[in-house]
Amino acid sequence: MRKWVLIGPVLALLLVLVALVLVALVLPWRASRSAPVPALSRPPSPAVAPPVVGADGIGDPYFPHAGNGGYNVTGYDIQIRYDPPTDRLEGHTTITAQATESLSRFDLDLRLPASAVTVDDRPAGIHQDGGKLEVTPAAPVHAGVPMTVRVDYAGVPSEIPGGPGVPSPWVRTPDGAVAVNEPDIAAWWYPSNDHPLDKATFTITAVVPAGLQVIANGALLGGPEPAGPGHQQWRWQETEPMATYLAFVAIGNYDIVRRDTRFGLYLAAYDRGLTPQVANAARTSVERTPEIIEFLSGIFGPYPFRQLGGVVPDAPNLYFALEDQTRPVYSPAFFGSGQDVTVVVHELAHQWFGDSVSVRHWSDIWLNEGFATYAEWLYTERTGGPSAAQTAAQDYVRYPANDDFWRIPPGAPGGGAEVLNNAVYQRGAMALQALRAAVGDQNFFASLRAWATERAGRNGSVRDFLALVKHVSGKNVDDVARTWLFTPARPPSPPG
Ligand code: ARG
Ligand code: ZN
């Protein structure tokens with residue numbers, strides 16, 4: 001009897017053990033094969049994700065090799081030494097950035113030859129080809145972790161062409177040089193993630209022969225300061241996010257004019273090599289900068305930066321002006337036959353449209369050039385001249401329907417040189433007049449102001465702007481946009 005009494009519990013125990021062994025065997029098998037089981041499917045931590053090679057382009061449809069993938073730059077510390085007689089530039093630029101993915105290699109944009117790169121103070125492997133500087137860090141960099149990249153480089157920027165058969169964008173002057181162009185200039189004097197989508201802060205230090213001046217963006221931190229025998233250095237700093245093409249340096253013999261304004265320190269520089277007439281016309285025009293900023297801020301909202309000014313180099317081969325952040329650079333050609341306030345209005349309007357709010361891709365260039373040109377028309381309208389509608393109508397009839405002018409749709413002008421085609425400017429401004437007529441003055445100006453203030457320091461696309469106009473006005477502007485921005489033909493009638 002006792003025997004049989006024991007068998008029951010022993011059997012039960014055996015059954016339980018067998019069941020436990022089965023469960024132990026089957027559960028992991030299920031877990032590894034079935035759909036996500038929360039406890040077992042954590043996302044891989046950045047440290048263990050296999051490192052990848054950063055893309056050799058940021059994803060711009062018109063300029064597929066502009067900028068790079070895999071990281072965001074937070075700041076550039078550019079340090080150059082420049083010798084005007086030989087045009088030799090020696091630089092070391094330190095970039096602080098954050099990887100957005102784990103990287104075994106990444107690219108920077110640089111045309112000058114690099115001699116050494118460190119990543120977090122450890123020597124990195126480098127290879128340079130076609131405007132790209134490939135950097136292979138000693139160990140992969142981790143996503144989300146700040147990194148510091150120092151690049152040493154040297155060369156003669158004016159010897160590096162802008163493309164096949166295209167001269168260098170680096171402009172030499174009789175006693176110095178000026179780095180000014182769009183969209184390509186950064187790679188001729190510093191390494192970068194060269195695309196407006198990756199904006200960053202900048203400090204720019206230049207060592208030059210004693211007696212020369214150096215002007216750059218933002219605040220003057222120091223200069224002239226002693227920097228070894230026969231040399232002086234100048235230090236500048238831009239603390240608002242800035243697109244790479246808007247960083248500039250001008251080196252030469254300049255007269256510098258400074259004064260405090262309610263928008264910050266005004267600092268303008270006029271090359272001493274300009275003829276007295278040109279210098280005089282340049283001053284008469286550029287010295288109106290604070291007044292024009294006051295005018296524009298009344299329309300577009302608060303001036304987005306803390307310094308203001310302008311630079312006029314003695315550069316006979318420079319045929320354009322550029323809206324360099326806080327301090328546009330003007331070709332002296334604008335002032336060859338007297339003052340030119342229009343170009344000052346144009347470049348200052350870019351401080352809101354282009355510099356503070358930057359294009360997302362280069363195909364969005366209408367947001368810069370159409371708007372800056374329309375600002376010229378507004379200035380005329382509000383200073384006793386023809387209305388913007390009248391200017392638009394005059395421009396419309398200037399170009400007959402079969403003129404090539406109408407083949408470039410400003411909302412999608414095409415890559416290469418078409419990005420800065422005249423149609424982006426003129427027809428681009430007409431497009432704004434057409435939008436203004438469609439939604440009414442109040443909605444139109446509210447949209448411009450909202451665009452400038454809500455997106456200050458960031459980027460936007462043409463589609464984003466049109467969506468904003470629609471949101472502000474409650475009106476469908478698709479037809480106006482299609483006709484004026486996206487159709488490669490002359491619209492049937494002048495705008496508004
Ligand atoms: N954004 C400049 C302007 O407002 C145009 C620069 C033209 N650059 C050039 N390389 N053509 O006028
Ligand atoms: Zn412009």
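Just follow the structure's listing: the first ligand is 1, and inside any ligand the first atom is 1.
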Are side-chain heavy atoms of [X] and [Y] found at a separation under 4.5 Å?
X	Y	value
T173	D175	yes
V286	F335	yes
T93	Y153	yes

Open item on the list: Below a 4.0 angstrom heavy-atom separation, can you tell me which part of N368, side chain or backbone, both or neither, approaches ligand 1?
Closed with: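 It is neither; nothing of N368 touches ligand 1.
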TODO: Of the side chain and backbone of Y245, name the one, both, or neither that has a heavy atom under 4.0 Å from an atom of ligand 1.
DONE: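 Within the 4.0 Å criterion, Y245 makes no contact with ligand 1.
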TODO: Determine, considering heavy atoms only, which of H346, E182, H350, E347 sits nearest to atom 1 (N) of ligand 1.
DONE: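 Selected option, by shortest heavy-atom distance: E182.
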TODO: For this output row, return yes or no: ring centroids of Y270 and Y254 closer than 6.0 angstrom.
DONE: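 For Y270 and Y254, the ring centres are not under 6.0 Å apart.
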Open item on the list: For the aromatic rings, using the six-membered ring if either is Trp, is the centroid distance between Y62 and W362 under 6.0 Å?
Closed with: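 No, the ring centres sit 6.0 Å or more apart.
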- [ ] Applying salt bridge (charged side-chain N to carboxylate O under 4.0 Å, His left out), run through R306 and E238 and close with a yes or a no.
- [x] CA-CA 9 Å; R306 279 179 262 211; E238 176 54 26; over 6 Å; no
Task: Short N/O/S contact of E347 with the Zn ion (ligand 2) (below 2.8 Å) - done: no
Open item on the list: Below 4.0 Å from ligand 1: does a non-hydrogen atom of Y319 turn up there or not?
Closed with: no
Which protein non-hydrogen atom lies closest to [atom], naming both residue and atom, and how far is it?
atom	result
atom 10 (N) of ligand 1	N181 OD1, 2.8 Å
atom 5 (C) of ligand 1	Y425 OH, 3.2 Å
atom 11 (N) of ligand 1	F320 CD2, 3.9 Å

TODO: Determine the interplanar angle of the F405 and Y399 rings, folded into 0 to 90°, and report it as parallel if under 30°, tilted if 30 to 60°, perpendicular if over 60°.
DONE: parallel
Task: Mutual orientation of the aromatic rings belonging to W484 and Y396 [parallel < 30°, tilted 30-60°, perpendicular > 60°] - done: tilted
TODO: Using a strict cut-off of 4.0 Å, indicate which atoms of ligand 1 neighbour a heavy atom of E323.
DONE: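 Result: 1 (N), 2 (C), 3 (C), 4 (O).
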- [ ] Check each atom of ligand 1 against the heavy atoms of A321 and keep those under 4.0 Å away; list them by number with element.
- [x] 2 (C), 3 (C), 5 (C), 6 (C), 12 (O)
Open item on the list: If I take the Zn ion (ligand 2) as the centre, what angle separates the NE2 atom of H346 from the OE1 atom of E369? Nearest 10 degrees is fine.
Closed with: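 If I round to 10°, I get 110°.
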